J.: 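Below: one structure in structure tokens.
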Number of protein chains: 2
Amino acid sequence: MRKPAQPTINDVARIAGVSKKTVSRVINRSPLLNEDTRRRVEQVIAELGYTPNPQARALALRRNFLIGLIHDNPNAQMVLNVQHGLLEVLRDTEFELILHPVDRGSPTMLDDIRAFLEKQRPYGVMLLPPISENDSLAELCAGLGVRYVRMGSAPLDEAANMVASNDREAVRGAVEHLIAAGHRRIGLIAGPHGFRSAVERQAGYEEAIEAAGLPLQRTLIVHGDYRFESGMRAAERLLDLAPRPTAVFSSNDEMAAGVLHVAHQRGLTVPQDLSIVGFDDTPIASHIWPPLTTVRWPIATMARAAALKLVGGAGGARPGEDGEASLFVSTLIRRASVAPPPGAG
Amino acid sequence: MRKPAQPTINDVARIAGVSKKTVSRVINRSPLLNEDTRRRVEQVIAELGYTPNPQARALALRRNFLIGLIHDNPNAQMVLNVQHGLLEVLRDTEFELILHPVDRGSPTMLDDIRAFLEKQRPYGVMLLPPISENDSLAELCAGLGVRYVRMGSAPLDEAANMVASNDREAVRGAVEHLIAAGHRRIGLIAGPHGFRSAVERQAGYEEAIEAAGLPLQRTLIVHGDYRFESGMRAAERLLDLAPRPTAVFSSNDEMAAGVLHVAHQRGLTVPQDLSIVGFDDTPIASHIWPPLTTVRWPIATMARAAALKLVGGAGGARPGEDGEASLFVSTLIRRASVAPPPGAG
DNA sequence: TGCTTATGGGAAACCGGTGTCAGTAGCAAG
DNA sequence: CTTGCTACTGACACCGGTTTCCCATAAGCA
């Protein structure tokens, strides 16, 4: 299993009877180049199956073609959607995606990221929530001269460095949907403290409640940590209330599944006894019973836009496509987990 | 936002008053090096915050430090688990993980992978099922001199190139569990044709049925494509049978969730009216209602083992840890979706 | 015809590391 | 005092590209 030697630019030059520089010119589509020469060199390249060595190129150009994905997001589906969105754009370029998951809890997280950036010197990095909300991280990137794009629930940075969904408005729409169905006591399972997405989603809930002239009750708001189990605990607290809320908005699907779980345990029927709305539209939302009404945000589209911002025309990407947009709209997906409250008509 | 120039080996050499070669020796822990010199150079390295340029290193060493992850697997949780398992090992090394998802349906898939391998020349690649079952792909890697490790449901390759779970045995155990609970008519939702995992899991089912002296009925075996919707369609066919099966083994959790979905639609209570067992132990298994009895296979552990096989001592990895193993055992996770059949005791 | 100006293409240096090999210093042996 | 050995260290070429600069050659012009 010896590694077959790969042809280099020197081989191409020798066989085509030109200098390396001319081959380089062909590869880089230099305009001042005779048509005949170009064809001859291209022919040799094709025959040899020559591919430029990315490492040598990176060295000579004093920049590489790596995009880093830095995240601490536990939602597998979301991370994978992002990866696919990014790669869809990078595939047509010479960029490669390298991964750098981190541990939000670790006190050395920033040092760890700094080491990563200094060692690899990626051309750019994509930051996923929740660490994308960390301003010192953005400053770190900027300080090291590494391009970055942050993905988040609200515009936290200038448009060139940001792809944002409008969570507040989306949640407001979702809660208004519950209100329109007749619900008056609507519980909120908020996200964890310190998460911008949690703040935005809670604000959307509160806006909807207040706009409808309903009382904003503290007891109806319980915090979770975006995980299933915390959704269960929050649901238990909400369903222990008297009178019970007739609907619950959960700040993500995972916790909404926890609510459904507890409802089942208590013999409550969804949506007849309790309406539930989630957020994210992960696969679980459509796979559990009943299928969950939820908010879908365009992760892959946002990731594509982020990739375009990062490589911005460099390396063969066609710029200006949807690379301009930095705010993306979410949609409410209506499924079977919402009905009028019990005893309503 | 000018990119701050990073110190190079020349800067270190100049400031420390030694040659580049000596700095290189310090970095690479060469033993024949004066302690004083080493300390002095290390001091300068620390002061400057010098990090060797990976691209230059790769060029000089005529090999790079990239591990590729090639897959066409739709299961996000599984892919992410693999990524984490790999990165857990690679993090302590100088290797980076680059992603190359492919489209199984595309006729140019092999060419696409070949182009990727020729361009990046990764040090090694990890192949995930189902494409890991493709022997021509393994041959392609071997032919190009790229190390590879295949992950699969059975030993398809020599141990050095393989991490395998024993799906057949695991499924056999799961079905025996159903039989022990009293079930006699057990449906199988098999995986898609052409998947080794589908073959292995079906074989496990058949072994269990035959070992128990039960009749092997073709009508009780329906194929799906590992997706939720196909699980629903398969469940509909199985539940239309008369007499109805009292239990269903589904070849993955996703399809098992589809079965649960159909059961709910038809007003069947799980597990009282129908027992269900899945495979994979993805999060959905524990999040749906009722929680699903399923087979858990040690994805992250297998990925770690694969990474060790790939970098095998190279680049600072401690070898011989669990890098030897190539067959991994799965466990049956018992939850609430299995009960004795209706009318039994 | 002779001089200027484009235009295409080559030689050599360079990017930041590593491998080869020769050289120097210190010290024991001859 | 020379020789030989050991222990370090440096000069230089090289990896495979790109950039800079400069030189042919041909065309344009008087």
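Predicted, not measured: the structure shown is a model, and the values here were computed from it. Convention: sequence-line order gives letters A, B, ...; per-chain numbering from 1.
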J.: Can a salt bridge be assigned to the pair A:Glu35 and A:Arg38 using a cut-off of 4.0 Å between side-chain N and carboxylate O?
T.: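 Salt bridge: yes.
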J.: What residues from residues 8-15 of chain B pass a heavy-atom cutoff of under 4.0 Å to DNA chain C?
T.: B:Thr8, B:Ile9
J.: Taking atom C1' of C:dG16 as reference, at what distance in whole Å does atom CZ of A:Arg121 sit?
T.: 14 Å
J.: Using nucleotides 6-10 of chain C, report all nitrogen or oxygen pairs with the protein that are shorter than 3.5 Å.
T.:
| residue | atom | partner | partner atom | Å |
| --- | --- | --- | --- | --- |
| C:dG9 | OP1 | A:Thr37 | OG1 | 2.4 |
| C:dG9 | OP2 | A:Asn34 | N | 3.3 |
| C:dG9 | OP2 | A:Thr37 | OG1 | 3.3 |
| C:dG9 | N7 | A:Arg25 | NH2 | 3.2 |
| C:dG10 | OP2 | A:Ser19 | N | 2.9 |
| C:dG10 | OP2 | A:Ser19 | OG | 3.0 |
| C:dG10 | OP2 | A:Thr22 | OG1 | 2.6 |
| C:dG10 | N7 | A:Arg25 | NH2 | 3.0 |

J.: If I take atom CD1 in residue B:Ile27 and atom P in nucleotide C:dG19, what distance separates them, rounded to the nearest angstrom?
T.: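 Answer to the nearest Å: 12 Å.
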J.: Can any side-chain N or O of A:Gln6 pair as donor or acceptor with the backbone N or O of B:Glu118 at less than 3.5 Å?
T.: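 Looks like yes, one N/O pair under 3.5 Å.
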J.: Give me the atom names and distance for the closest heavy-atom approach of B:Val149 to B:Ala160.
T.: CG2-O, 3.9 Å
J.: Can you name the closest pair of heavy atoms from B:Pro129 and B:Met151 and give their distance?
T.: CD-O, 3.3 Å
J.: Give the rounded distance in Å between these two atoms: CZ of A:Arg57 and C1' of C:dC14.
T.: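 The distance from CZ of A:Arg57 to C1' of C:dC14 comes to 16 Å, rounded to the nearest Å.
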J.: Could you walk me through whether A:Met109 and A:Asn134 pass side chain to side chain contact (heavy atoms under 4.5 Å, CB included), step by step?
T.: CA-CA 11 Å; A:Met109 186 190 75; A:Asn134 186 332; 4.2 Å; yes
J.: Using a 4.0 Å heavy-atom cut-off across all strands, classify B:Leu59 as base, sugar-phosphate, or nothing.
T.: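 Base contact.
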J.: To the nearest 10°, give me the bend of the helix from C:dT1-D:dA30 to C:dG30-D:dC1, comparing the axes of its five terminal pairs at either end.
T.: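 What I find for the helix from C:dT1-D:dA30 to C:dG30-D:dC1 is an axis angle of 60°.
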J.: Without swapping roles, check the side chain of A:Asn28 against the backbone of A:Ser24 for a donor-acceptor pair under 3.5 Å.
T.: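 Between the backbone of A:Ser24 and the side chain of A:Asn28 there is a qualifying donor-acceptor contact (under 3.5 Å).
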J.: Can you name the side chain to side chain contact (heavy atoms under 4.5 Å, CB included) partners of B:Ala60, sequence neighbours left out?
T.: none
J.: Look at the rings of B:Tyr123 and B:Phe95 and say which category their plane angle falls in: under 30° parallel, 30 to 60° tilted, over 60° perpendicular.
T.: tilted
J.: Sub-3.5 Å donor-acceptor pair from the side chain of B:Lys309 to the main-chain atoms of B:Ala159, do we have one?
T.: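 Yes, B:Lys309 side chain to B:Ala159 backbone: donor-acceptor pair under 3.5 Å.
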J.: Closer than 4.0 Å, any side-chain N/O of B:Asn28 to the OP1 or OP2 of C:dT18?
T.: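 True: B:Asn28 side-chain N/O within range (under 4.0 Å) of C:dT18 OP1/OP2.
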J.: Within the pair B:Arg62 and C:dT18, is there a side-chain N or O less than 4.0 Å away from OP1 or OP2?
T.: no
J.: Evaluate side chain to side chain contact (heavy atoms under 4.5 Å, CB included) for A:Asp103 paired with A:Asp72, printing each intermediate quantity in order.
T.: CA-CA 6 Å; A:Asp103 175 8; A:Asp72 65 336; over 6 Å; no
J.: Taking only residues at least two apart or on different chains, which pairs with a member in residues 124-140 of chain A satisfy salt bridge (charged side-chain N to carboxylate O under 4.0 Å, His left out)?
T.: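 Checked against salt bridge (charged side-chain N to carboxylate O under 4.0 Å, His left out) - neighbours excluded - the pairs reaching residues 124-140 of chain A are A:Asp135-A:Arg150.
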J.: So, does A:Arg104 use its side chain to make a donor-acceptor pair with the main chain of A:Ile131 at under 3.5 Å?
T.: no
J.: Under 4.0 Å from any heavy atom of chain B: name the first and the last nucleotide of DNA chain D that qualifies, 5' to 3'.
T.: D:dC8 to D:dG16
J.: Under the 3.5 angstrom rule, does the side chain of B:Asn64 hit a backbone N or O of B:Gln120 as a donor-acceptor pair?
T.: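 Present.
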